[in-house]
4 protein chains.
Amino acid sequence: MRFTKAEKMVRNKSSNPQKTDRREEILDGAERAFGRKHYHEATMDDIAEVVGVGKGTIYLYFASKEDLFLSAAERKLSQLAEITRAASESGSDAADAIRRIVHAQLDFFVANIEFVRMLFVQLGNFHLGESQSLSDIRQRWLPAMLQTINLTTSAIERGQSEGAFRNVPARDAAMTLDAMIRNCVFMQALDPFTDLATKGQVVETIFLEGMLNHE
Amino acid sequence: MRFTKAEKMVRNKSSNPQKTDRREEILDGAERAFGRKHYHEATMDDIAEVVGVGKGTIYLYFASKEDLFLSAAERKLSQLAEITRAASESGSDAADAIRRIVHAQLDFFVANIEFVRMLFVQLGNFHLGESQSLSDIRQRWLPAMLQTINLTTSAIERGQSEGAFRNVPARDAAMTLDAMIRNCVFMQALDPFTDLATKGQVVETIFLEGMLNHE
Amino acid sequence: MRFTKAEKMVRNKSSNPQKTDRREEILDGAERAFGRKHYHEATMDDIAEVVGVGKGTIYLYFASKEDLFLSAAERKLSQLAEITRAASESGSDAADAIRRIVHAQLDFFVANIEFVRMLFVQLGNFHLGESQSLSDIRQRWLPAMLQTINLTTSAIERGQSEGAFRNVPARDAAMTLDAMIRNCVFMQALDPFTDLATKGQVVETIFLEGMLNHE
Amino acid sequence: MRFTKAEKMVRNKSSNPQKTDRREEILDGAERAFGRKHYHEATMDDIAEVVGVGKGTIYLYFASKEDLFLSAAERKLSQLAEITRAASESGSDAADAIRRIVHAQLDFFVANIEFVRMLFVQLGNFHLGESQSLSDIRQRWLPAMLQTINLTTSAIERGQSEGAFRNVPARDAAMTLDAMIRNCVFMQALDPFTDLATKGQVVETIFLEGMLNHE
DNA sequence: AATGAATGAGGATTCATTCAT
DNA sequence: GATGAATGAATCCTCATTCAT
């Protein structure tokens, strides 16, 4: 039985253990490589070397450099959404859910610092559109990104309907919080000697105190 | 008579008005070109076309593509620092200074949306280090960036010493605010139909209410 | 036990019926594959897929892609020589032999259109030499090709010695006839709706009338 | 003033002497390079070396390797059509026109042996279709090829309407003659010591005697 | 014997930079 | 000073061949 290239690509997502492993290995390496250099600066040779496979091998699992890049980010974004869901659900009330989301995401970002590099280096581009060939970035990344932002938005809306949170546009607030958290990782990278916990605390304080109804 | 490349570059910083004008024109064009495409996606041909000069001409004023890019951003970052200083100084008290900074920066970003694209697309890289050839990004950008962040930090410290602001690490808070403001521009770019004023209001509310001492 | 590559190749020429069958299958597939695409455009993957075997299997029977290609053509050229011999021998006189050769070859070409594609696409190269890696094309193909052309040449010489044919260099005439016949197949491919029989008739008429002594 | 790439390509066809010269130089080199090796075997490096320019320079004048190849052949085919027209028009009667066409084309082919190699190596492919990316070969080459074949066809039809030529399908006869002439060049390449004049004579004799009405 | 995943040399194309005009 | 034609290093991707299973 024969498969076209496209079909093969799909098959790779199936559960064949060997192929899946190799695919994951390549994604791991790509994450590291793209974490160290810009999309345009990381060459396929770099990536192959990091992964420890031949250049051609990558093309057995991914259709192009772009596909590889999008896939690597996609995987991480899904994990982030999952982390966020778990954090949100374990919160006793809205404020607690927010607190847990903040810390869960911080932990995730720190544990995946290379992903953060990779992702946010490209993210400006995502937000700001234009880039033709990377245009389908939207299609590949948006679902997981929306899922994540929606979870935070929901937590805020819950707090608002309970009367605990100030009445600001929930989605805007959620995206603001998102930016605040990401920023901690940037700061951490800038000055590795400060404590990330402190920074997380600052975000938590400012955001929660800013949201809470003090009457 | 001949000049080494270094000598030429120094000469270009001289005050010959014609040369200065042409240099500024090129920076304007670079800003637009880099605003539309990634550093690696914008070619020197693109830039020359946008500026309306020959490709070789750019090399009379800038040593390399990288130098051009760094210079264009440098100029804007200085303007941002200037704007921020004016806003901060015109504030009647700490909270007012913060409010003015938020809105001044938002206005500046909106008026220079292409710069924001250009800058923040590369910024992740800046924060997160590594990239060899762009390593001197630090040297070129850091002064103006520090100046800007220090102005916000000072305003916060003023509020804290007056007892109006909560006692969190001022610099971390300043950088958090910075991230919140930048994020507005991203959101604006994502959904151009929402009102930027609203988003600015959300940032102002969350940050100020979060910082204010409610006892 | 291990064999060097050369030993393996020799073994493959042995008469083990199974191996021979598989070898023929692969040649059949190669013929189809090379008939559809240029030598350089048909990949070993293509061929393996057409044949319905694994890519590695081909290398059990042929030393390289080039060897496969040369072998496939070699086989067909031998068949063409055989067809031509039969046609020539069944002719009652020289003119009749020529007529039979023309039609036998046309029939063969039509029945093996993919071979014709394969062969004549490469043939310019053959005639015109140079191509290093394909240089031994000569050694592999020339025997059968000479055999074919010699049969036609003999028929013409017979006609000349009988006084029926005009006295032109027989070998040149034979090669000209060969080109005329091949050309029919090209024309047929160009315009599939015209009748090949007509074209064959044109060739027969022009060649025979041109050769016959009209005194 | 600025031009898009496509516009530049068109401009190159204009009469700017420098650009035209360089373009012609490249075509000359391409002709030699493609004459020595198959389209797929001649690399852009080869061609650049033969021409004596940098690899990138070729791309200033031609959009791709394919474009270069098609352009080189196009140029020659136009010259062949022109040669053929002149020969046909200078013929005193139909038979004479044919004779002149035969010898003019032979001379042209001999003088442009590398073109013949280039062209006919690819021509099988042309006639026999398929090759996707080279599909527009048709559009680029057909006009000049049709022009050439139509000239020969006309000469034959003239002879038929004058009653001098046998009544066979004129176009088929023309294409047959074409194949006969091309074949001389092949033979010449095979055995460089034979006289091409003799071969031309054989073609002329067989074709004309075959076409002439002997009643 | 048969397979097809892995490999890396090789090739088309792009683009920052130079330099003759 | 200004230009843009020329360059070739660098990059993505393909595919013949190998070899562990």
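Values below: all heavy atoms of this structure, side chains included; hydrogens, waters and symmetry mates excluded. Protein chains get the first letters and strands the later ones, always in sequence-line order, with residue 1 at the start of each.
- Between the C1' atom of F:dA5 and the CD atom of D:Glu25 lies a distance of 13 Å, rounded to the nearest Å.
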Once pairs are restricted to Watson-Crick or G-U wobble with both distances under 3.5 Å, how does DNA chain F read as a dot-bracket string, [ ] for crossings and | for other-strand pairs?
.||||||||||||||||||||
Filtered N/O pairs between nucleotides 8-12 of chain E and protein, under 3.5 Å:
| from | atom 1 | to | atom 2 | distance (Å) |
| --- | --- | --- | --- | --- |
| E:dG8 | N7 | A:Gly56 | N | 3.3 |
| E:dG10 | O6 | A:Lys55 | NZ | 3.3 |
| E:dA12 | OP1 | D:Lys65 | NZ | 2.6 |
| E:dA12 | OP2 | D:Met44 | N | 3.0 |

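- Looking at residues two or more places apart in sequence or on another chain, you find a side-chain contact (heavy atoms from CB on, under 4.5 Å) between C:Lys65 and C:Phe34, C:Tyr39, C:Met44.
- In this structure, B:Ile47 places its CD1 atom 12 Å from P of E:dC15, rounding to the nearest Å.
- Regarding C:Phe62, its CZ atom lies at a distance of 18 Å from the C1' atom of F:dT18, rounded to whole Å.
- Between B:Arg32 and B:Asp46 there is no salt bridge, since none of the side-chain N atoms of the basic residue sits less than 4.0 Å from a carboxylate O of the acidic one.
- In this view, A:Val53 and A:Arg22, A:Val51, A:Thr57, A:Ile58 satisfy the side-chain contact (heavy atoms from CB on, under 4.5 Å) rule, not counting sequence neighbours.
- Distance, A:Arg23 CZ to E:dA5 C1': 16 Å, rounded to whole Å.
- At F:dA2, one or more side-chain N or O atoms of B:Tyr61 fall inside 4.0 Å of OP1 or OP2 (strictly under the cut-off).
- For the atom pair CZ (A:Arg23) and CG (A:Leu60), the distance works out to 12.5 Å, reported to the nearest 0.5 Å.
- Checked against side chain to side chain donor-acceptor pair (under 3.5 Å), B:Asp28 has the following partners two or more places apart in sequence or in another chain: B:Arg75.
- Taking atom CG of C:Leu60 as the reference point, atom P of E:dG4 lies 13 Å away to the nearest angstrom.
- Atoms CD (C:Glu66) and P (F:dT17) sit 9 Å apart, rounded to a whole Å.
- Remark: A:Glu49 pairs with no residue by the salt bridge (Lys or Arg N to Asp or Glu O under 4.0 Å) rule, at least two apart or across chains.
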